Every structure is written in structure tokens, then in C-alpha cells.
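First the structure, in the form of C-alpha cells, and then the observations on it.
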Amino acid sequence: MSATTASTASTPIGARIDALPWEGLRGQLAERGFAVTAPVLGGDECEALADLFDGGRFRSTIDMARYRFGDGRYRYFDHPLPSAIAGLRSAFYAHLAPVANQWSALLGGDADAFPPDHDELLARCRAAGQERPTPLILRYGEGDWNALHQDLSGDVYSRSRC
């Protein structure tokens, strides 16, 4: 997928994510621990998401310095999630859950720790009493930073948590 195709707003977000070169991305994850994709959002879409920091619906705001997580702020979205956030989360989850399961097994955990479907993960979260949404948006100023840390909330957790 070219950057031009990826940034075409008329193409559904899920289709853009599905069209990424997942075999190569899984290879990057295995080799380096991270992967870099071609752009999947256009400039207008990125700007609209960034604008949510000041105009979106949030359940909480975290001042990172207060918790020694760094300098900057992040905000947890509230229900209902913005459609772009919900779409990106579900689309990426479908491709990343198998990777997470493989890593879980390699590290001595369950090989099926993460269900293949995001809605199934959300059902697990609800069953465990974890109903607050965890997608967040960050804002950094010049010189701000984020320390390596985990935000764990309940028995069911991952980076694409509930």
C-alpha cells in the first residue's frame, strides 16, 4: 500500500490496516521489538484526532510529572469512543493478537492469552468488571518525555486493553 493509498479518507480505516504488509511488520517486531508502518491516516484525519485533546470526551487526564511518568499529559477517552479510535483499535487488534499470543507462549504464558476477536477481549474485560475504556491521547511540549512504565488496571490487561 502506498502512502497515498493509505491516506485516502474514502478507504475505510479497517481496510487500510488490513492492507499493511503484516508479514514484514511481524518480522520487524520479532527482530527489533517494534515495527514502523506506512502512514494509515491522512493529514486531515491526524489533525482531527489531535484536536480531540481539547475537544473530545475523556474520563480522566493524567499529568505525567505527578506520577514520575515523564513530562506531558495524557487523557483517557470515555465511552463512546471516537469512531476513528474504535476502528483503529479493532483493526490493529486483529493483526496483533496472534503476535501477542506467540510472545506469550515464548515467555511461558498462555498461547491463547488474547482472543482473536477484539469484541471477545472486551467481553472478557466486562466479565472481569473492567468497563472503563483505555485508549488515550498524549500531548507533549518541547522537551517533554515519557518514561517506560505500565498502566495496569485489573486482571485483564495488554496495550490494546479494554
Side-chain angles (χ1 to χ4, degrees), residues 3 6-7 9 13-14 16-17 20 25-26 28-104 106-110 113-115 118-119 121-162:
S7 64
I13 287 175
R16 293 182 237 172
I17 303 306
L20 290 171
L25 293 171
R26 285 188 295 274
Q28 288 181 49
L29 284 168
E31 183 178 317
R32 303 185 306 193
F34 67 93
V36 178
T37 71
V40 294
L41 298 175
D44 289 346
E45 292 169 304
C46 289
E47 188 174 320
L49 288 175
D51 287 347
L52 290 175
F53 195 91
D54 293 317
R57 296 189 50 197
F58 299 98
R59 65 177 179 83
S60 66
T61 298
I62 305 297
D63 177 354
M64 292 166 39
R66 177 178 177 205
Y67 298 98
R68 297 186 179 168
F69 292 164
D71 283 318
R73 290 187 309 156
Y74 59 94
R75 305 182 85 184
Y76 286 99
F77 286 100
D78 200 358
H79 287 301
L81 295 176
S83 61
I85 299 295
L88 287 163
R89 183 169 76 152
S90 292
F92 273 110
Y93 181 89
H95 294 280
L96 294 174
V99 175
N101 282 329
Q102 181 182 20
W103 285 19
S104 177
L106 289 171
L107 294 170
D110 294 334
F114 301 93
H118 188 246
D119 286 335
L121 175 69
L122 294 177
R124 283 187 189 180
C125 291
R126 281 190 297 278
Q130 296 170 227
E131 300 200 26
R132 298 185 316 167
T134 58
L136 54 83
I137 188 169
L138 298 105
R139 175 175 283 165
Y140 298 109
E142 186 174 336
D144 286 352
W145 55 282
N146 191 336
L148 182 60
H149 68 279
Q150 286 185 310
D151 298 325
L152 304 178
S153 57
D155 294 332
V156 180
Y157 58 86
S158 75
R159 215 20 356 202
S160 65
R161 323 182 295 234
C162 313

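Because the structure is a prediction, the values reported are computed rather than measured. Positions are given from 1, in the same order as the sequence printed here.
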*Any sub-3.5 Å donor-acceptor pair from H118's side-chain atoms to A86's backbone N or O?*
no

*Tell me whether the centres of the aromatic rings in Y76 and F58 are closer together than 6.0 Å.*
no

_Set of residues satisfying side-chain contact (heavy atoms from CB on, under 4.5 Å) with respect to Y67, sequence neighbours excluded_ = I62, F69

_Side chain to side chain, L29 and L96, heavy atoms closer than 4.5 Å_ = yes

_For the CG atom of L136 and the CZ atom of R73, what is their distance to the nearest 0.5 Å?_
13.0 Å

*asked:* To the nearest 0.5 Å, what is the distance between CG on L121 and CZ on R126?
replied: 9.5 Å

*asked:* Quick check for you: to the nearest 0.5 Å, what is the distance between I85 atom CD1 and I137 atom CD1?
replied: 6.5 Å

*Does a side-chain heavy-atom distance below 4.5 Å link L52 with F77?*
yes

_L81/R89 under side-chain contact (heavy atoms from CB on, under 4.5 Å): CA gap, chis, key distance, verdict_ = CA-CA 10 Å; L81 295 176; R89 183 169 76 152; 3.3 Å; yes

_4.5 Å side-chain heavy-atom contact, L20 and H95_ = no

*asked:* Between L88 and L41, is there a side-chain heavy-atom distance shorter than 4.5 Å?
replied: yes

*Do V40 and E45 come within less than 4.5 Å of each other through their side chains, counting heavy atoms only?*
no

_For A113, give me all partners under side-chain contact (heavy atoms from CB on, under 4.5 Å), at least two apart in sequence or on another chain._
N101, S104, D110

*What residues, two or more places apart in sequence or in another chain, satisfy side chain to side chain donor-acceptor pair (under 3.5 Å) together with Q102?*
none

*To the nearest 0.5 Å, tell me how far S83 OG sits from I13 CD1.*
6.5 Å

*OH of Y74 to CZ of F53: how many Å apart, nearest 0.5 Å?*
11.5 Å

*For D71, what residues pass the side chain to side chain donor-acceptor pair (under 3.5 Å) criterion, not counting sequence neighbours?*
W145

*Determine the minimum heavy-atom distance between Y93 and P98, stating which atoms define it.*
O-CD, 4.5 Å

*For R66, does the CZ atom have more than 12 heavy-atom neighbours from other residues, nucleotides or ligands under 6.0 Å away?*
no

_Within this structure, what is the CZ-OG1 distance for the pair R59 and T134, rounded to the nearest 0.5 Å?_
7.0 Å

_Under the side chain to side chain donor-acceptor pair (under 3.5 Å) test, residues paired with R75 that sit two or more places apart_ = T61

*With sequence neighbours excluded, tell me which residues meet side chain to side chain donor-acceptor pair (under 3.5 Å) with D54.*
R139

